[in-house]
Amino acid sequence: MDKLKGKIERVTYYNEETGYGVVKVSVDYNDETLKKYINTFFSNIISVTCLYDRMPLVDEEYEYFGSVDALGKWGPQFKAESFERKNASLSGVVAYLSSDMFVGVGEKIAKKIYNALGSNCLDLIIEDRSALDGIKISEALKDNIYNILKENKEKEKEILGLLSLGLTMKMALRITGAIPKDAYKKIKQNPYMLIDLVEGIGFIRADNIALNNGIKPDSLIRITAYINYYLREYLNRTGDTYIQEARLIDELFATLNKTSDLITKETYEKGLKNLVKDKKIYIDSERNIFAYSLHNYENIIANFISDLLKKESKKCFNDKNIDVAMSKLKTSFNIEYSEKQEDAIKSALKENISIITGGPGTGKTTIIKGIIEGYIAITKKDLARERILLLAPTGRAAKRLTEVTHHPAQTIHKALGYSTFGFSYDANNKLECEMVIVDEFSMVDTSLASHLFSALDENTKVVLVGDVNQLPSIGPGEVLANLIESKEITTTILDKIHRQARDSSIISFAHSINQGFIPDDILEKKKDRTFNIIYHEYIANNIVSIIKKALEKGLDIVRDIQVLIPIYRGKNGIDSVNKLVQEVVNPKHGIEINRQDYTFREGDKVIQLVNRSDKGVMNGDIGYIKSIEKFDTSYKVKVSFDIGDVEYESDELTDLKLAYAISIHKSQGSEFSCAIVPFSQEYRYMLRRKLIYTAVTRAKDYLIMLGSIEALSIGVEGIEERRKTKLLEKIKQALSCEKLEITLDDSDISPFDFME
């Protein structure tokens, strides 16, 4: 890295929350960096961007470490990754001591201190408070100067120490905010604390820091952290909410003792005991081991369901009023509901909680519209419509819900006020609504369901809508299926395809899959569906050919066309297909970003992999790269999503992946005009009925399948293994006795906590 030393002439911008600042620095004409880049800057006044531990001050002296960005949006800049303060001149000391940080110290006193103690006056005072004894100022002011200098120096020392561990300035500032005292010492002793403290640091990165700073591979602190990591990684991988201890032991020992005996029975038992004490894990009477948060989330859901079922419904939602409302709905919409559709609307209005489940074309959207209008008709409140909250798990699902119901919908995360710091609405700050309707509820995992239910008032009506035959949530749990299986909640199962959907061979095909068979006309070319038999080695090239034809017909690669594949690796996996499609639809041009296993170019279709509340983008959002700016050693990428443009720095690009092809799991909640779904024997270990059903139901106008009929047949016959959860038993328990105990830890569990 280059070094740049100079004095601050002007503070152009500073953000107290993030620590990000832009300053103008005057550099000595003999400075080597200036000589090196004289043709870039054309003067000795250089714009510097950096993250600071406090606001930088005019006349302060800094030494920066970083690189020159010659192509910055606002002109050439020096991008600093770290710094050291070098306040040794009169102007630097006066600027610092006369700032707002030191109340009662003006320029006069600051100069007096400098003249009395010399250029190293700040260090002398920090080392010994008595250095101020010979200066004629009050004792209280001396105490104030000494305490603030020492505090600021300690913070600066903490920051530099954390940077030496291999952390970024952004991470260091986040850590010192979370650990006000001895942050460096604590992190050096236990780098695994970073997993809970810093977004973006998982076990692997924390483990590298630990091993590089003297933590032994077989140390108890590492084994304890690994048990916690492995448990959570296992639960996110399988979707279970617990693991039986015998299996956990087998897997831990098999994983850690591959080459040497890192884990012993003694360290395992000690590590487990520490995790129980720290409320990181919970062990039930059957020796099932939960992530502590998941155990509590299940308890929260069970208590919530129990409370709603035990509570009497409001008197205005009686049979007479509901029948009157139904008559008005039929007249207003000029519609004749089927028996089950009418049952679903009536149950939603009458019960405190109800469930509606059914496949495509069974009228779920029609029912949601009926529930909304029926509720308004019964309550007769001026603001009744505003008191109905319509939610979906993803932005795309919420957008589609708004379009078809004409009622504003939003994501669950947005409604709950999700941010980096958690949820604004919770058990202590309830949402102001009288009815909540959640669509695509099969996608909602245990964690999100518990957060939503915690934020609902006990008088709120809850309607859960979803297709239980789709894949369960990405995160742990199988909440919709468990609630239906409890048989405690009034559930309407829609199994009739309505007139408007009967002409869709996509929908009839989806229902065939759900029933476990492939229709005889699978190879017949339909107006909206086709299956092309293609040998394994030609599948990827045929996908490209199909996309070319779709583009020629006017379909848009970002908005309309989506390839859905169940695996990432292999010749016909997501990664390979993405590269192949990219080379054809967006070949090399202009600036591009090359990484070990992918390349980004302007115009590329990309998908967001994790929730980023600060950017307003969520896991699964799809957009395209609008622009790429290249600097000496870094990039700035602008991506256009439905919500607008979002900028990414170089170290944030792991949030993105090419999205010409995406996983079927990632496609949940979305609908595409043209879905291309290949079937290869290469996928045989992943292909299952719900997976295929979910894939084909993403297609709105065209479903193009290709590959092996045998692979499709194997998948349709395959039944997914049910997830292991305790929610069903807990609901029964909560209904039969007092509320289940809830003691949440400070951390949350997410399938993305372990990504690097």
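Start at 1 with the first residue, then count along the sequence.
At distances below 3.5 Å, not a single donor-acceptor pair connects side-chain atoms of R396 with backbone N or O atoms of G620. The backbone N or O of V68 lies less than 3.5 Å from no partner atom in the side chain of D2, so there is not a single donor-acceptor pair.
The closest side-chain donor-acceptor pair between N578 and K605, if any, does not fall under 3.5 angstrom. When only modelled atom types and interatomic distance are considered, Q470 and T694 share no side-chain donor-acceptor pair under 3.5 Å. Using modelled atom types, one finds a donor on one side chain and an acceptor on the other under 3.5 Å when comparing Q582 with D604.
Here D655 pairs with R612 in a salt bridge; the nearest charged N to carboxylate O distance falls below 4.0 Å.
Under the rule for a salt bridge (charged side-chain N to carboxylate O under 4.0 Å, His left out), the partners of E583 that lie at least two apart in sequence or sit in another chain are R601. Residues satisfying the side-chain contact (heavy atoms from CB on, under 4.5 Å) criterion with L551, sequence neighbours excluded, are I547, I557, I561, V585. Taking the salt bridge (charged side-chain N to carboxylate O under 4.0 Å, His left out) definition, one finds that R559 meets it with nothing, sequence neighbours left out. In this view, Q410 and L389, L391, K414, A415 satisfy the side-chain contact (heavy atoms from CB on, under 4.5 Å) rule, not counting sequence neighbours. When the salt bridge (charged side-chain N to carboxylate O under 4.0 Å, His left out) test is applied to K615, the partners found at least two apart in sequence or on another chain are E652. Applying the salt bridge (charged side-chain N to carboxylate O under 4.0 Å, His left out) criterion to K155, with sequence neighbours excluded, gives no partner residue. Under the side-chain contact (heavy atoms from CB on, under 4.5 Å) criterion, S673 pairs with L555, D560, D701, Y702, not counting sequence neighbours. Residues meeting the ring-ring contact (aromatic ring centres under 6.0 Å, His included) test with Y96, sequence neighbours left out: F102. Take Y598 and apply the ring-ring contact (aromatic ring centres under 6.0 Å, His included) test, not counting sequence neighbours, and it matches F600.
Interatomic distance, S454 OG to L431 CG, rounded to the nearest 0.5 Å: 10.5 Å. Separation of atoms NZ (K588) and CD1 (I591) is listed at 12.0 Å; rounding is to 0.5 Å. Atom OH of Y192 and atom CD1 of I209 lie 10.0 Å apart (nearest 0.5 Å). One distance of note links CG of L4 with OG of S67; it measures 11.5 Å at 0.5 Å rounding.
Listed by first then second residue, pairs satisfying side chain to side chain donor-acceptor pair (under 3.5 Å) with a partner in residues 47-62 read Y52-Y64, D53-R85, R54-E60, E60-Y62, E60-N87, E61-S89, Y62-R85, not counting sequence neighbours. Sorted by first then second residue, the salt bridge (charged side-chain N to carboxylate O under 4.0 Å, His left out) pairs that include residues 570-582, not counting sequence neighbours, are D575-K657. Sorted pairs that involve residues 639-677 and meet ring-ring contact (aromatic ring centres under 6.0 Å, His included), not counting sequence neighbours, are lacking altogether.
Annotation: F83 is not in aromatic contact with F65 [ring centroid separation under 6.0 Å not met].
When all heavy atoms of G477 and T446 are compared, the pair lying nearest together is CA-OG1, 3.2 Å. In this structure, E63 and K86 approach most closely via the heavy-atom pair OE1-CE, 3.3 Å.
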